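Here the structure is a predicted model, which means the values were calculated and not measured. Residue numbers run from 1 in the order of the sequence given.
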Amino acid sequence: MLLTILGGCGAWPAAGQACSGYLVEHDGFRLLVDPGYATVPRLLERITADQVDAVFISHGHPDHCADLNPLLRARALRDDPPAPLPVYSLPSALDAVLALDRPGMLTDAYVLHEFNAGDQIAIGPFRAQTRLLPHSVPNAGIRLTAGERVLTYTGDTGPSPDVVDLAHGADLLLAEATFVDRVPQGSRRHLSSARQAGRQAKEADARRLLLTHLQPGTDATAARAAAEAEYDGEIGIATSGLTIDLS
């Protein structure tokens with residue numbers, strides 16, 4: 001299983017960066033997870049739009065799904081459009097982004113597969129276990145298994161024992177860490193810190209931790225240090241272009 005980071009900014013893309021976006025590959029199958037702001041240009045530096053085999057979206061905030069629109073345009077507005085793209089999301093999560101164009105313009109470009117958090121889904125070679133994690137809108141964390149490798153991704157979430165369950169023994173925990181240490185009072189139920197991500201990686205006995213969704217301007221060195229205070233495994237920061245082989 002191969003993970004490529006297209007972007008890792010939370011809320012909005014910093015200059016020259018992109019928001020959440022992750023390409024997960026196994027046995028030639030390409031799964032795009034959370035095409036947030038500015039991720040499609042980085043995706044197209046690596047593969048063509050028609051080479052994406054499926055899309056999984058954790059929740060409907062635009063920093064996690066806005067670039068589904070240009071991806072679908074890149075597939076639909078050509079002389080030889082590919083087969084409809086399977087798109088997996090929670091019910092109604094994509095209503096806004098799918099309504100950006102005139103009715104019917106992109107209808108033939110995708111097939112929407114809505115699931116309920118807690119469902120198990122087969123996406124190509126991946127076995128996907130989903131779990132509802134606490135956020136300001138419904139958010140599905142995902143545990144992707146292919147072969148003997150496991151990748152867990154939180155989407156956006158407040159601290160929850162369900163993160164630990166979803167990441168138990170994972171080869172990599174890709175965890176939202178909007179803040180370094182202290183989470184503002186108004187966000188404590190819905191977002192996490194690097195320190196909390198480190199604590200959950202330790203409790204889950206995950207092999208590696210990758211911090212993502214850092215708010216622009218966050219000191220990445222400080223975020224890593226906060227996670228290291230709780231977790232003694234390998235820790236990285238999700239930056240555009242980073243590729244991790246989970247083998």
Side-chain angles (χ1 to χ4, degrees), residues 1-22 24 33-34 36-39 42 58 61 63-64 133-136 139 141-143 149-246:
M1 193 189 302
L2 189 69
L3 169 68
T4 300
I5 306 301
L6 303 174
C9 290
W12 72 91
Q17 300 297 317
C19 284
S20 294
Y22 317 98
V24 187
V33 177
D34 277 9
Y37 294 126
T39 55
R42 286 154 181 80
S58 63
H61 281 157
D63 56 328
H64 291 258
L133 299 178
H135 192 44
S136 55
N139 170 76
I142 186 171
R143 179 184 177 95
R149 300 304 172 197
V150 176
L151 165 64
T152 294
Y153 170 54
T154 64
D156 288 353
T157 179
S160 169
D162 287 331
V163 174
V164 176
D165 289 344
L166 205 60
H168 179 70
D171 295 284
L172 178 66
L173 171 57
L174 178 60
E176 176 256 310
T178 304
F179 304 98
V180 172
D181 197 339
R182 295 185 179 181
V183 180
Q185 180 66 39
S187 299
R188 288 179 184 174
R189 293 177 57 192
H190 305 137
L191 293 170
S192 295
S193 69
R195 181 178 294 275
Q196 290 166 334
R199 186 177 305 130
Q200 292 181 324
K202 179 180 180 179
E203 292 173 357
D205 196 26
R207 284 180 53 201
R208 282 181 277 186
L209 171 64
L210 192 63
L211 304 174
T212 192
H213 201 266
L214 276 66
Q215 189 159 300
T218 299
D219 184 336
T221 300
R224 186 195 298 268
E228 287 174 342
E230 303 288 340
Y231 172 69
D232 59 7
E234 181 180 340
I235 300 173
I237 305 293
T239 54
S240 297
L242 176 66
T243 298
I244 297 176
D245 188 342
L246 270 65

How many angstroms lie between atom [atom1] of [X] and atom [atom2] of [Y], to the nearest 0.5 angstrom?
X      : Y      : atom1 : atom2 : answer
Ile235 : Glu228 : CD1   : CD    : 4.5 Å
Glu203 : Gln200 : CD    : CD    : 6.5 Å
Leu6   : Asp34  : CG    : CG    : 10.5 Å
Thr152 : His168 : OG1   : NE2   : 10.5 Å
Cys19  : His61  : SG    : NE2   : 12.5 Å
Asp156 : Ser58  : CG    : OG    : 6.5 Å

Quick one: does any side-chain atom of [X] pair with a main-chain N or O of [Y] as donor and acceptor, under 3.5 Å?
X      : Y      : answer
Arg149 : Leu246 : yes
Glu176 : Thr178 : yes
Arg143 : Leu166 : yes
Asn139 : Thr157 : no
Arg208 : Gly236 : no
Arg189 : Pro134 : no
Thr39  : Gly7   : no
Gln196 : Gly158 : no
Asp171 : Val150 : yes
Tyr37  : Cys9   : no

[X] and [Y]: which non-hydrogen atoms are nearest, and at how many Å?
X      : Y      : answer
Ala175 : Leu209 : CB-CD1, 3.9 Å
Val180 : Ala222 : CG1-O, 3.6 Å
Glu230 : Gly198 : CB-C, 3.7 Å
Gly16  : Arg42  : O-NH2, 2.9 Å
Ala167 : Ala206 : O-CB, 4.3 Å
Ala38  : Ala18  : O-CB, 3.4 Å

Any heavy-atom pair between the side chains of [Y] and [X] that's under 4.5 Å?
X      : Y      : result
Ile5   : Thr212 : no
Leu173 : Thr154 : yes
Leu242 : Leu210 : yes

message = Using a 6.0 Å cut-off, check whether atom CG of Asp232 has over 12 heavy atoms from anything other than its own residue.
response = no
ask   = Residues in ring-ring contact (aromatic ring centres under 6.0 Å, His included) with Tyr153, at least two apart?
value = Tyr22
message = Going by the rule side-chain contact (heavy atoms from CB on, under 4.5 Å), which residues pair with Ala177 if we only count those two or more places apart in sequence or in a different chain?
response = Ala194, Leu211, Leu214
request  = Sorted by first residue and then second, give each ring-ring contact (aromatic ring centres under 6.0 Å, His included) pair with at least one member in residues 172-226; sequence neighbours left out.
outcome  = His64-His213
